[in-house]
Amino acid sequence: MLDALPRGFSMLPSFPGSGRLTTLPGTVMDTLINLLATTWHDIVTTLHRTLASNELAQGGLLLGALGALAATLRTFPGRLWEAFKNRFTLTLDVQGDDHAFPWLAAWLAAQPVGRHLRHLGVVTRFNEHMGGQNLTLGTDRDGDAVHVRLVPLGGQVLLRYRGHWVLARPSRERRDGQDRKFLGYTHALTFRMFASARNVIPQLLQDAYDFTAGRHDGRVEIHVPEYQGWNLAERRAARPLSSLVYDGDVLQRARGDLAAFLADRAWYAEVGIPYRRGYLLHGPPGNGKSSLVAALAGEFGLGVCILNLATPELSDDRLVALLSNLPRRAVILLEDIDAVFHGRAPRTPSVKLSFNGLLNALDGVAAGEDGRVTFMTTNHLEHLDAALIRPGRADVHVFLGNASRAQVAGMLRRFWPDVTEGVVRELAHRVPDGAVSMAAVQEFLLARRGDFDAVQRDWNAWLVSVHKGCPTKLRLLSA
Ligand SMILES: Nc1ncnc2c1ncn2[C@@H]1O[C@H](COP(=O)(O)OP(=O)(O)OP(=O)(O)O)[C@@H](O)[C@H]1O
């Protein structure tokens, strides 16, 4: 049939316009077809002649064919497995920055087969929920136990869950920023199972959640930003609220307000108000702003996400992502906001965040059902733009000033509960109201821990020394 076609080659006529093949005149079509057929015929004939007369070419072809076959056979099981996986199995992926990750990781580590995971990591700053094997190495200077934990980072195990086979695989990937700067690791968990196991996934999630829920041990989890999510940096023993001494009913009001907010979720939804509350703690340094946040968090079993707004890595977009990605039951703490903006202007060129970006992020959608509790602290209320601290962004303003006499007395009682009330009051009375910070009082008492005579002996000299540069207060003191 091909042989019957005319051979030869002739120049194609040029066609005006955008003529398509179907519009070509019949003779031109014929010429084109003939040309293609002739070329194909020539190729086949040449190949045939070469192979018939050249053993080397024959061998080469055979080797090539065998190579192709071997390659196909080699990849065949993999491709068969891929096809099988796609057809009959399903995958459940959980990324490390997702709230469900610690539940599932802990659940997996607690399964008997979890012990067979072969890629382990050692962590000393860990979340109980990470699961793994806890090792106690000794005690530190304070007598607190020093733990490390072996956590699964890789490998895979096959386990049986509610009558289904599940292949579980923890993994982690290195994350690099610009110029290959190491940013940390991204953790993930993959569960692969037969498609028929789809209906046990909700139960698996429920079991993992139940496994970790209610395990709160009273420690406050401190989170720091990691990329667009949060990383558990530390678990601190919660500070009891009773260990803090504030003036008047400051503490009770702050506690009551937060308690009411946490209990009011349904009401907020009902009246359509975004479920969030902002607290502004202001006053001179060392008077318990950060301590109050930590103590309230411990009291209500909340975590604390500490965010430094001045860091050059914090852009407007990243702040929005971080605020909408808070861990469950965690408050956000923006410390020393006056160090970032003076009015609306950034204090240093390294601050990437814009003032409007901060306002928008604070106004953004509250994170999930948990709502959002924001604490801002500042030593200089007067440096802050009114827009930042208006109700809606900072609903409750709490002033924590220097120690009042009542606070000094309270601190003395904490250190020496057995000292008579008369002595405590007399010592406290010598301190002018608002003249020293609570941190300074604490430091003085700590240095004389267990030696009340030294406290009485050094009290006046100490007051004079902390009042250097404050003549009015000194006069009061010596009066
Ligand atoms: N009202 C208080 N009651 C008991 N201890 C206090 C009080 N205020 C401060 N302290 C003690 O002083 C130290 C410093 O307190 P904290 O860091 O909370 O102060 P701050 O107001 O946040 O300071 P800054 O403004 O410098 O960040 C803490 O160790 C804390 O125990």
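Atoms within a ligand are numbered from 1 in the order they appear, just like the ligands themselves. Note that the coordinates shown come from a computational prediction; the quantities given were computed from them, not determined experimentally. In what follows, residues are counted from 1 in the order of the sequence shown.
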TODO: Please say which of F194, W107, F191 ends up in a ring pair (Phe, Tyr, Trp, His ring centres under 6.0 Å) with Y161.
DONE: W107
Task: 4.0 Å heavy-atom contact, M411 with ligand 1 - done: yes
Task: Under 3.5 Å: donor-acceptor pair, side chain of D395, backbone of G278 - done: yes
Task: From the candidates S290, G283, A439, the one that places a heavy atom nearest atom 13 (C) of ligand 1 - done: A439
Task: contact_flag T377 ligand 1 heavy-atom lt 4.0 Å - done: no
TODO: To the nearest 0.5 angstrom, please state how far the CZ atom of R347 sits from the CG atom of L309.
DONE: 13.0 Å
Task: Protein contact to atom 23 (O) of ligand 1 [nearest heavy atom, distance to 0.1 Å] - done: G286 N, 2.9 Å
- [ ] Just need the protein heavy atom nearest to atom 15 (O) of ligand 1, so name the residue and atom and give the distance.
- [x] S291 OG, 3.6 Å
Open item on the list: Evaluate N287 for polar contact with ligand 1, using N/O atom pairs at a separation under 3.5 Å.
Closed with: yes
Task: Separation of R239 CZ from L292 CG (nearest 0.5 Å) - done: 10.0 Å
Task: Nitrogen or oxygen atoms of R239 and ligand 1 under 3.5 Å apart - done: yes
Open item on the list: Below the 3.5 angstrom mark, is there an N/O of K289, backbone or side chain, next to an N/O of ligand 1?
Closed with: yes
Task: N or O contact, P285 vs ligand 1, cut-off under 3.5 Å - done: no
Open item on the list: Once rounded to the nearest 0.5 Å, what's the spacing between atom CG of L280 and atom OG1 of T374?
Closed with: 11.5 Å
TODO: Rounded to the nearest 0.5 Å, what's the gap from CZ on F375 to CZ on R277? Could you check?
DONE: 10.5 Å
Task: Interfacing atoms of ligand 1 (cut-off 4.0 Å, heavy-atom, V245) - done: 1 (N), 2 (C), 3 (N), 4 (C)
Open item on the list: Test your reading of the model: is there a side-chain donor-acceptor pair from Q407 to the backbone of S404, 3.5 Å cut-off?
Closed with: yes
Task: Donor-acceptor pair between H187 and R172 side chains, under 3.5 angstrom - done: no
- [ ] Give a yes or no on this: more than 12 heavy atoms of other residues, nucleotides or ligands lie within 6.0 Å of atom CD of E426.
- [x] yes
Open item on the list: Please list the nearest protein heavy atom to atom 7 (C) of ligand 1 with its residue and the distance rounded to 0.1 Å.
Closed with: M438 CB, 3.5 Å
Open item on the list: Under a 4.0 Å threshold between the charged nitrogen and the carboxylate oxygen, would R255 count as salt-bridged to E299?
Closed with: yes
Task: Close-contact set for ligand 1 against Y246 heavy atoms, below 4.0 Å - done: 1 (N)
Open item on the list: Which residue and atom name correspond to the protein heavy atom nearest atom 29 (O) of ligand 1, and how close is it?
Closed with: Q442 NE2, 3.0 Å
Task: For ligand 1, the portion of N379 having any non-hydrogen atom under 4.0 Å away - done: side chain
TODO: Could you tell me whether G288 and ligand 1 have an N or O pair separated by under 3.5 Å?
DONE: yes
Open item on the list: Check for me whether S243 has a heavy atom closer than 4.0 Å to any atom of ligand 1.
Closed with: yes
